[in-house]
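What follows is a set of notes on a single structure, which appears directly below.
Everything numeric here is computed off the predicted structure, so don't read it as measured data.
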Amino acid sequence: MSDTAAVYLTIAGMVLATYLTRVLGLFLATRLPLSGRAGAFLQALPGGILIGIVAPAALTQGTAEAVASLITIITARAAGSLPLAMLAGVAAVWALRHVV
């Protein structure tokens, strides 16, 4: 098998795996009860994944990013608005990197 064929086969395999993961996830989600502990788990899952992705990056990049993360969290809790919290976080990173 040539290198080009192996690359295309690998890409096709990744496409298939990604597609099946999404389709089977949707298939299973329609059959799970959304009450009780399972419902609470599924509702908390996106936030937990986001924190798991963002927190290590934000806390290892430097002081500006860590402080901006704290400002974002405080703004989100105080205002209850995700777009406003995101704007505050971006503005804080910019200000801490360029002004301070």
Side-chain angles (χ1 to χ4, degrees):
M1 179 183 307
S2 70
D3 289 341
T4 305
V7 168
Y8 286 132
L9 188 59
T10 303
I11 292 171
M14 290 188 291
V15 167
L16 182 63
T18 301
Y19 179 75
L20 286 176
T21 301
R22 291 175 185 250
V23 168
L24 291 176
L26 289 173
F27 177 76
L28 292 174
T30 60
R31 282 151 180 76
L32 288 175
L34 296 178
S35 61
R37 296 179 76 179
F41 171 76
L42 290 175
Q43 287 180 347
L45 193 59
I49 291 171
L50 183 62
I51 289 172
I53 293 170
V54 172
L59 298 177
T60 59
Q61 294 299 312
T63 306
E65 289 77 7
V67 172
S69 297
L70 184 61
I71 290 170
T72 303
I73 292 169
I74 291 170
T75 304
R77 298 285 287 171
S81 170
L82 184 59
L84 182 62
M86 291 169 51
L87 181 64
V90 170
V93 168
W94 181 86
L96 290 167
R97 284 183 181 173
H98 293 30
V99 177
V100 177

Seminar exercise, completed: Rounded to the nearest 0.5 angstrom, the CG-OG1 distance for L84 and T72 is 10.0 Å
For this session: Would you check if M14 and T10 make a side-chain contact, meaning some heavy-atom pair closer than 4.5 Å?
Result: yes
Exercise. Which heavy atom in A58 sits nearest to a heavy atom in E65, and how many Å separate them?
Worked result: O-CB, 3.4 Å
Exercise. What are the two closest heavy atoms between A68 and G89, and how far apart are they?
Worked result: CB-O, 3.7 Å
Exercise. Looking at L9, I11, T4, which hits side-chain contact (heavy atoms from CB on, under 4.5 Å) with V7?
Worked result: I11
Seminar exercise, completed: Tightest non-hydrogen contact, residues P56 and I53, listed as CD-O, 3.8 Å
For this session: Given side-chain contact (heavy atoms from CB on, under 4.5 Å), test R22 with T18 step by step and report yes or no.
Result: CA-CA 6 Å; R22 291 175 185 250; T18 301; 3.8 Å; yes
Exercise. If you round to the nearest 0.5 Å, how far is CG of L87 from CG of L82?
Worked result: 11.0 Å
Exercise. In this structure, which one of I73, I74, T75 forms a side-chain contact (heavy atoms from CB on, under 4.5 Å) with I71?
Worked result: T75
